[in-house]
Structure formats: structure tokens, C-alpha cells
Amino acid sequence: MDFNTSTRSKSQPVQRNNYKVLYDPELGIKENLGRKIIYRFNGVSKPPLVVRDPRLKNPIYARGIPKSGRPFLKSLQTINYDYNENSLGPEPPTQVFVSNISPLVTSEQLRYHFKSFGEVFDLDLKLNPYTGTSLGLCCISFDKRSSISVAAHSAKIAVQQANGLRFSGKPLSVVLDRDGSLCEEAFKKALNAVEKQFQEETLQKQRFEREDESSRQKLSAAMNEDIPPWRQPSKNSQTLSNGDLQHSKVQNVDQKSGFLTSSETDVPKNINDYIYLLIDDRFVPPDRVYYTDIKHHFRKFLYEKIYMNKDGFYITFNNYREASNCYRALDRTYVQNCRIKLKFHDIPSRTKEDGKKSAVRRVVLPPEEAYAEATSVVLRDLEAALLRDVKSKIIGPAIFKYLHSMPKPSVKEELQENLLVSSTSVPDVPLKIESTVGKLPSLPKFKKRVDSSKMNLSAGSKTKSKLQRRRRRRHEARPLHYQLNQMYNSSASEAESDQELLLSSGDERVERGKIGSIKSVKSDEATPVFSDTSDENDKFHRFRTKSKISKKKYEKMEVDYTSSSETESDASILSPSAAIPKSGSAIKDELISPKKEIDEVLALAPKWRINEFDETGSVYYGALPYNYPEDDVLLDLDGLQYLVKNDEDYSYLQEALKDEPLMDINDPNFWAYERKSCKFKNGDVKYGDTAILPEPKGYFRSNTSGSAKSEGYYIIPTTEKSLYLPLRNRSTIDTISHSTSRITSRMNRVNNRRLAAGVEKSQLPAEADLLRFNALKARKKQLHFGPSRIHTLGLFAMENIDKNDMVIEYIGEIIRQRVADNREKNYVREGIGDSYLFRIDEDVIVDATKKGNIARFINHSCAPNCIARIIRVEGKRKIVIYADRDIMHGEELTYDYKFPEEADKIPCLCGAPTCRGYLN
Amino acid sequence: MTTVSITFDLLSSMQPRKWLKNQNFVGEITSLSFDDSGELCLASCTDDTLQLYNCISGKFVKSLASKKYGAHLGRFTHHSNSLIHASTKEDNTVRYLDVVTNRYLRYFPGHKQTVTSIDVSPADETFLSASLDNTIRLWDLRSPNCQGLLNVSSPVVAAFDATGLIFASVSERKYKISLYNIKSFDARPFQDIPLTFLPPHVRIANVEFSTDGKYLLLTTGNDFHYVIDAYSGSELLRVPSKVSTKTQDGNLTYYASACMSPDSKFLFTSYDNEHLCMYQLPELKQTVNSDHIVNSFTEMGLASTTPTSNSHSTENPLAIIPSSTSKNLLPETPSIVRFNPRFSQLVTAHSGVIFWT
């Protein structure tokens, strides 16, 4: 083929000749060389060809050509391949083995943490098979389904970043684990260790048992015959034949384990110097009760040591108190189904021995420490008491309340039961009221209670002193929180006595707490803390004197407490200002009348007392500033319950509701419950609270049907709308006529006219002209422009403008129609979208775009407050804006533009109710 | 990707990473070529296809079928989108193929018999082709005209050095290497290196210069590969060749089963189906007087014997890689071993391509 090319040339190369092409036109034509290939054959050329080694004269020959395909390089780039199915060799590790994990760390925590490195596919936290606790070993494999290299990278990162990281206080150890073998190995190791430990533990346990037994046996061997049958020494195999398998097992284990550490449990000789509890051996058969069992049984007490011998177990104590506590708690309890009877052994002549400390091993604390300990114990007890109170008074009722708030099909029965038993959430008395509203049944409950109190009263004269004592205690129990507070404030020396008082009264509190509702607790808690002790004392004093005066009252009060505390608690939330005025002398009279009983009770409530005492400390029974609380109370169930306080009230209520038709409510209790829970779920009040009607704030429209939703469709007047839509155009606001401004305005006009008339009379045309002009100008109102709700800028009145008063003249260039057309186009082109052209007639237009006054800012409205009139002044037509109605200060001025109808609609934004929607 | 200097540790720690066994073809790979960037690898196969691989991602890229003409000695031009290859069918024309469109850009006709080697000049657009018709032709990619013709004793292989200034042609029959200046190859070679150490009836598979131009690697189809001083022509190294050259087609046994690293310090040959052998090239100390070249063989730690030009001794391999015998055997003994010019990557091929990094 190559001969084709050579045939073209004249000097056709001989095939055997070597040749080199010197000029190939294909590689670039040179005009002087023509279009023919120039060959050189066998190296023959005009200047003889020098054949030489090009390497020798080239100093950089060895460097090659760096950018060519075969560069001389001393360093290379590395390649990292992703692992895929083409890859050779083992997969990169995608698992990590994490060890030294805190046993508290859960697998979820680990997973969450390692998720930050990559998608975790599997997380295997090794667990102790015996206990289920974490062994602190974990194998985490990253998800390699999508990409192995990503998973491998994740594993690598995890090792880099998580290794040594402190996780729950322990530094993690993270290593790559290709096939999980590391983890398996560690797991096996840990498992072995655990098993070993477990075995050791069991061994040790058995050894202990063995020791116990053998030590006992040792002693008992030397001792008496009255050993119970199971106490017989069993070291020889013959005794095993009695079939006590457990025993034999223990025996075997003991033999295997070999030695005994009997010294640990041997009873010391001076055991009598200890305070100890003795469990007689008769109660603890050694084949059933072991040392560890006893240890476990007494774990909650601060015993010193447990010894044992053939007599049984000796549990020694450092502390008499602890020992007695322990004795009280654990006497006649069961250990391994064996009822143990404790024998309490005190140090003989304990009282004396306090002095001789050296003789007794018991630790006698120095007075400071003893004191500290005593206070700590006292505090602990107090804490316990407080906790108990909180539980019974707050948490219990709260749970009850919660349970009650859940409507259940069987709630009726339950509810009734509850009401009868505790009546925590639904007060009794009001319920009765409700039912009487429906059915008019017998007397309300408090009536009955009064009766019972009467009975008490009659019978109570005999047991006066007793009742008085009880009443006193009641009285003490009542302001418990004062006492509590006082106790904490008082000095340490008083602490003990106070505490005793508290403890004694605490029981009563618990009692009361059972029947007390949350409200009563709340009211108690709401009582302020009195840091001033003198005040406190004073108050107490007063309280006591008062209580002496009214002894019978307390009897009733007692009844009241036990029967129903709701009324009291209800009453206690009465606002202080609602004190019912009564005189001090009236008390005794009223005491006799049971109707006033509750009021009396109220008078005793702490809150009341606080309010009744003035600075001088005397009771103030005068008329307090009185506003009727009933006015604020919503008359629903709670409200009625709140308002009806006694029979009198009730009778009034009945009277008031006489005309009401009877409603069919099946079970008054359940009905009341439903109503109350419904109210509670609506969420505006707390359960059982009397609602105080909310103060109307801002715009308020009272709906006759009770709800805006049930009102149906109705039109809210624009004036009303503007009350709650602040940005609403106020052009339609109802004006309150200000007579003064009207008068002045009119007066001005009249005066001006008079002036003008006077001037006219003077027959000075030039001046008249001036005056006319001025007249228009003078009549201009105070206006200013500002942002408008209707459209960009608007004009606002800065004074009250009367109807038919001139507001402002519309001033601008007076142009012809054609000019106006041109200008309009120009304005549109310039971007002035708003039109300030005002047509006077066919061919005369006022253009206020470039030259004019602020009248051009007046916006259009479909319900305008102004009107534009074209008037003639001195033969010239002028546009004057007049008020169409009275305009208030601050109102925006509008008039109807009266644009001709066009196809190109301009939307109207005036917001008037009669808005046409478009300007044109 | 990071750049690391070429050290013994780097090279000896190479592991086979990817085995791209191509399901599409059933033949063997007869030649491997890299483009200038070292990113693409071109394999010519006996089933008349050219396979393109991406060396960086280790993935198969493209298969270019040349069923009509056959494919042999595929070489990238300086532009990685075009390649040249020799034909095995129809005629022995060298063809210039565009990879993207899979169209031939130009034919380079001239050779009467099978082309035995093609080498693209690293300096310009020219390339050499040697053929069994006892000629070496010089071509320019831009011109269909043959740029030069050289009659040699056949059979012959030819190769450019790294600068493109000279090329070497090895004639089997004359047992000599002739070095030509590219500017005056038509006159006579400027140096003839007698290959007196070669055994009779040797089959020269390939010849190539090291990147620094100091060594000539002579790959044979016989028992040994030889490393020759490119200046003095003395034999520096003789390494055993483990490649069986038996193929179904006797003419195409020109496998470059040995290669040198880009820093011209190491030599790689295939050893068995698991391992490659790595040898250290003996250092040359060139005196100022270039005519007199003293070979001073430094005693390398692992090089047990110092080969001399007369000793004909084989050197023990510096290392056998991979050093750790992995469980999964390589599927076959590689017949071709090439080192990527830019990356620390070896590519071996027989029926598939294996990437070593």
C-alpha cells in the first residue's frame, strides 16, 4: 500500500532502500517545497549525515520526558480500591470489637453512639448468661450491604475516634475485628471467668454454711444433750442415713472445700458486753437457715457482726437504738419459712456503763457527735413523717382525682362508693343541693351533721374536759404548718419537744388527710410562714383565748372534721375580703344556733385569723370593705356550692329556683360528677373550683345564646369591626359631636362671610379677589398626609370637621384633554401609576401630578366622608372638597372618584361595606 | 490518592487487589498498554477485541470489538481517546481508532506481514512498527504516508527510549541490538550491541528501555529475560522466565512478561500463579568518558550474586510478592506484567486483568 504514496513521487524508492521522509505535505504544506513528499534514502544527503549517539551530548537524557507516557519517576501515586466482587483477597474488616464498656451502658446507647460513624448493621452486646448484665464486650458490624468499603471506612473511623473514648466513665477499647473472632475469644474468656466466679461463689456459700455448721457442731459436741434432733453432729456418714439430702450435700461440699474459718463466726467470750439480739437455735434449724440467710435478713440494719454458736445466732449492735429498732422490726418474722423469735440483750447496767467506756466495747460517742446523731435521727424521722404526709395528702388525692376524671361505664357504682367513703373529689353537700333542685328530697347533709353535732353537744357536757383536750389537740393539729415552720426556725433545744408535738399531731394529720381534699391541703399550704415568733406567739395566745371562750364550737368543729371537710375547705378558699361581719359579743349567741356553725369554723381557719387581726392584735369585727363575691361567681354547680353556705342560703336558693322546671337527672351524684368533669375537661378551671367570670378585655360582644358559634350568621357593624381591626379604615367611625368645634367652625365661616361681604361693600375688586382666594384658603382644614390603609398615602383630618364644611381645594395644573391624554401616557411610561387627573368638564382637567397640593392624596372610597364639588369662584371653576358628614380628628378623608366605567378595572380597596369592588 | 516515593517496601508489599475477569471474551490478552496519564489500561485480546480498564477505580470501562481486522498490540496515542492497533486479519495495516465513536480515523498500510511491535514515541506523534516482513516503519499519526522505512534482518522488535530520540531494534537472527538515532536511522545505527549471551534460536518477545534510558530489558519467549546496559551493551541481569509461550497461535507469543518500575530500579517478572518476582536492577556508575563504561555492581543486601556480563548467572529475586501466601490463589500465571507509569500499580494479564497495588 505504501507504494501508492511513493508512486506519486518521481524518485520512487526502491523497496530495499531505507528511507526517511523529510517533507510530508500532509503534515503541513510549505509553499516552497510543493505538494510532494521529499524522501531521503539510506541517509544520503548533501551535507553528509553524521550518525551519532544523541544520548551522549544530552545531560538531561536520563530524566526522560516527564509528561510523556513513560516518565522517569521516583514517587508514585497510590490507588485504593473499593472492595467489590472483583476484589481479590479477604474483605476489609467491617466489624469492630468494643471492650471495656461500662456495664451500665445499654446496647441502644452504643448503637446510638456508633451510628455516628456509619450505619450499624448488627450490635451484639455480650451478656452474662447468669445475671443478664452486660459483660462490657460488644461486637459491632457496620452495614456492608450497600458498600463494603464504606462499612470498612466506618469501622476504621470508629476505631480511630471511639478508641479510648470515655463512655459512662470507662475508656472504650475499640479494635477492628475482621471476622468477630476477637470478640468471640474475649466473650469466651469472660464467660469462663464468670462461670468460675459463680462456682466460687457457690462454693464459698456452701463453705460458709459448712463453717457455721461445723463450728456449731464443734461446740455442741462438747455441750449438752438437749440438742434438737437436727442439731446432732453429722460428721460421720452414719448420720447421713437419715435422708437429709441437703445436709449431706453440704457435708460433701464441706469436705471438698476442706478448711473452716470458724473464727469469723465464733461467738466471742465477752458476748455479754455487747448489745445483741439472739435468735434461738430452736427457731433456726441449721439445715434450713444458714449464716447468709441471717445476714440477708438483717441487711437493712446496722448490725456490727453476726456470730453463731449452738445457741443460735448473735447479732451484735453498736447502738441501742438500732438494736431496739431491729428488734421491733424483725421479731417474729420469717427466715426461710422459719419464724424467728428474737431475744433482746442489753448490756447489763447499761445506764451506768456509759461512764465506764473502757469496759464496754460499745462505742460511746462524744457529746457533739451524739448530739449530731440525735439530730440526724430526729431529722430522719421528720422526713419520714413529711413523706408520709405528702403521700397521703397530695399524691393520694391526686391519684383519686385522676381516676375520677376518667369516665368509666362502671363509674356510677364506684363513684358512689367513693363518695361515701372518702368523697375526695365530689363534695357531698353540693351534690345534695343538686339533687334537691331536681327532686326536692329531705334535708341536706349538713343539716344532718348539725343534728349529730347537737347530739354530741348534749352528750358532750359530761365529757367536757375530754373534749377540751381533744379540741386542744385539734387546734394544735390545725395550724400544723406553722408549727412545722416554727420548728425549723426554732433553736435546736426546742427541736425535740417540737418534734414530739409534731409526731403526735402528725397522726391526726394523717387521719385528717384521709378525708381532706386537695383544697384543704392547699389552703393549709397557702398559709404564710411567720418568721416573727412574737407575732406567732401572740396569735397563738389569741387563738387559745378564743378557743376557751367557745368550747362548744370546737365540738362541732370536730364533728365537722370527721364528717365532711369539704365545706370547710371550700370555705377556706373564700377570699378574705368576704368576711361576714359579726360582732364579738354575737359569737356566744351564734354558738347556740347551729346554723352559724360553719361560719364559726370559718372564723377559726388560719386565713381568717390572719385577716381578722390588726396591728394592735385585737379582733376586728367591724364592717370590712365589702364587695359581693357572688357577683364574680359563675352560677354553675361549683358556684352554687360555693355560695350556699348554710340553711338560710339554701332556703333562698330553693326559693329562687322554685319556678324552674324539674329536670330529670337520674343519679344526682353522677350527674354532678359529669357536669364537673365536663367543666374540668374544658380546661378553664381547676377541678371543683368556682369559676370567677373573666373580665372582658378589649372588644367583647355578649352573645345572647351564650356562644358565638350558636349565634348563626349576623352582620357585625363596621364600627364594631373597627374596634378589633385596628387597621380598619376608620372613615365610617361614629362621631361624637363636639359642639365646641362645630360652633367655632361655623363661627369661622360666618365671620369669613361677613368679612367678605364687608370687603365687597368696600368695592375694591383687586382686594376682593385676593380675599376670595384667601377665603378659600382660610377655610382649609388642618390636614396631613400619611400612610393609608386604602392606598399608599392618604389625607387625614387633624381636626374635627363638620358636615358640609369645606375641607380643601383640589389644586393642580389646568390642562386640556389632549394634553392630559399625552401626560397620562407619559406618566404611565415614567412609572407613575397613580392618576392625579381631575376632570372638571369635557375639555378641562386639573393635573396635580407634578404641581398641586395635598388634596391629591385623598383616596377613593365607595362610602366616602367627603364630596368633591366644582364651584365657580370669580368665574373660574375650582374643585373643592367638602365634608359629606362630620369627620373626626384622625379620620382619613375620602371621596368618590366617580371614574367612568372602563373595561380595564381598577380594584377598590376602600373596605367600605358598600364597596363596589372597582373604582371604574 | 497520595504520592509515595518508590521504595522496596512499597513495591514488595503489593497485593493483587482486583481481578477483572471478562466474561465477554474467551481468548487471551496479548498486550497491555497504558495511556499517558496512567488512568486507562488497554488490553488487546485474541478474540479481536480491545478491552479498556480504569486503573484508578479498578473497573472495566469498555470493550472495542475489531472483528473484521482483529486486534493486536493496542497502544494508546498521547490522546487517551484514540488508539492504534495492529491487525491480525485481512491485512497487516496498522489502524488508528477513535475510542469514543469506535471509528477508525486512519489506516497506516505498508507492512506485508504480521506486525510484531508497535511503539508510540513519547516525544511526538510518531510511532514505530516492526514486522515480520523484515522492516521497521516510522509513521506519523497525522499522515497516512509512511515517514520512514528501515530494512532489518527479521524477525525484529523495535522500541523507542523514554525520550523518543533513539530507538532500538532487536534482530533475532543477527543476535544484536541496533540503536538508531531517530534523525538518521535511514543511514545506519549509531551503535550495535551484540547479544553474544543469547542462546541459539531465541524468541525475542519484546524490548524496552528503562525510563532513565540506562537499561534495556529484553523479554524472550525462552528461559530467561535479560537486562542489558543500554550504553555498553553488557548483560547486567539474567532472570528466569516462567512464562509458557505456548499458545494456539504460534505467531503471537510476544508477551512482555517482565517490566521495570518507573524509577528504573526494580524489575518484575511473573513467577508462578501466585507470585511475582521482584529484582533489583544493578546500579550503573557512568564515568565521564562515556565510551568506557564501568559497571560497578553494588552488593545489595538481598542480591546474592553479582552478575557479570560473562557469568550468565541468574540473580535470585529480591522479593517474591506477595510475601504472604494468601489463601485465594490467583487464577492463572500472568503472561504479561506491566507497571503503571504513574501509579504504584502493577497490572498482570492473561485471560483477565489483575490489578496489584
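Chain naming here is simple, since letters A, B, ... match the order of the sequence lines and numbering starts at 1 in each. All values below come from the heavy atoms of this structure, side chains included, with hydrogens, waters and symmetry mates left out. Computed from a predicted model, the values in this text were never measured in an experiment.
- For the pair A:Phe72/B:Lys214, no side-chain contact is recorded, criterion being any heavy-atom separation below 4.5 Å from C-beta on.
- Ranked by heavy-atom pairs shorter than 4.5 Å toward chain A, the options B:Ile166, B:Leu179, B:Val120, B:Asp35 are led by B:Ile166.
- With a 4.5 Å cut-off on side-chain heavy atoms, A:Ile79 and B:Lys18 do not count as touching.
- Chosen from B:Arg188, B:Arg142, B:Gln191, the residue pairing most often with chain A at heavy-atom distances under 4.5 Å is B:Arg188.
- Comparing B:Ile136, B:Asp212, B:Asp36 by heavy-atom pairs within less than 4.5 Å of chain A, the highest count is held by B:Asp212.
- In this structure, the portions of A:Asp53 lying under 4.5 Å from any heavy atom of chain B include both its backbone and its side chain.
- Here B:Asp186 is the residue among B:Asp140, B:Leu138, B:Asp186 with the most heavy-atom pairs under 4.5 Å with chain A.
- For A:Arg55 (side chain) and B:Ala230 (main-chain N/O), a donor-acceptor pair under 3.5 Å exists by modelled atom type.
- Expressed to the nearest 0.5 Å, how far CD1 of B:Ile56 lies from OH of A:Tyr81 amounts to 8.5 Å.
- When the candidates B:Leu10, B:Asn340, B:Asp161 are compared by the number of heavy-atom contacts under 4.5 Å with chain A, B:Asp161 comes out ahead.
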(request) Run the numbers on B:Gln147 and A:Leu27 for side-chain contact (heavy atoms from CB on, under 4.5 Å), then give the verdict. (result) CA-CA 10 Å; B:Gln147 299 294 309; A:Leu27 299 173; 3.7 Å; yes
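- Side chains of B:Asn145 and A:Val21 form no contact here, defined as non-hydrogen atoms less than 4.5 Å apart.
- Contact detail for A:Val51 and B:Ala187: the closest heavy-atom pair is CG2-CB, 3.9 Å.
- If you measure heavy-atom distances from B:Phe339 to chain A, the contacts under 4.5 Å come from the side chain alone.
- B:Phe343 has its side chain within reach of A:Gln77: a pair of non-hydrogen atoms, C-beta onward, lies under 4.5 Å apart.
- Comparing B:Ser264, B:Cys55, B:Ser33, B:Gly38 by how many heavy-atom pairs each has under 4.5 Å with chain A, the most go to B:Cys55.
- By the 4.5 Å heavy-atom criterion applied to side chains, B:Phe160 and A:Arg70 are counted as neighbours.
- Only the backbone of B:Ile182 comes within contact range of chain A, judged by heavy atoms closer than 4.5 Å.
- Considering every non-hydrogen atom in both A:Pro54 and B:Phe190, the closest pair reads CD-CE2, 3.7 Å.
- Residues B:Pro341 and A:Leu76 come closest through the heavy atom pair O-CD2, 4.1 Å.
- For the pair B:Leu165 and A:Tyr61, the minimum side-chain heavy-atom distance is below 4.5 Å.
- Counting only N and O atoms by type, the side chains of B:Ser344 and A:Thr78 include no donor and acceptor under 3.5 Å apart.
- B:Ser184 and A:Arg40 make their closest contact through CA-NH2, 3.8 Å (heavy atoms, listed as atom of the first residue, atom of the second, distance).
- Around the NE2 atom of A:His153, the shell of radius 6.0 Å holds no more than 12 heavy atoms that belong to other residues, nucleotides or ligands.
- Partner of B:Asn151 under the side chain to side chain donor-acceptor pair (under 3.5 Å) criterion, out of A:Asn18, A:Asn42, A:Asn17: A:Asn18 alone.
- Within the 4.5 angstrom heavy-atom criterion, only backbone atoms of B:Lys183 (N, CA, C, O) approach chain A.
- When all heavy atoms of A:Ser75 and B:Ser5 are compared, the closest pair comes out as CB-CA, 3.4 Å.
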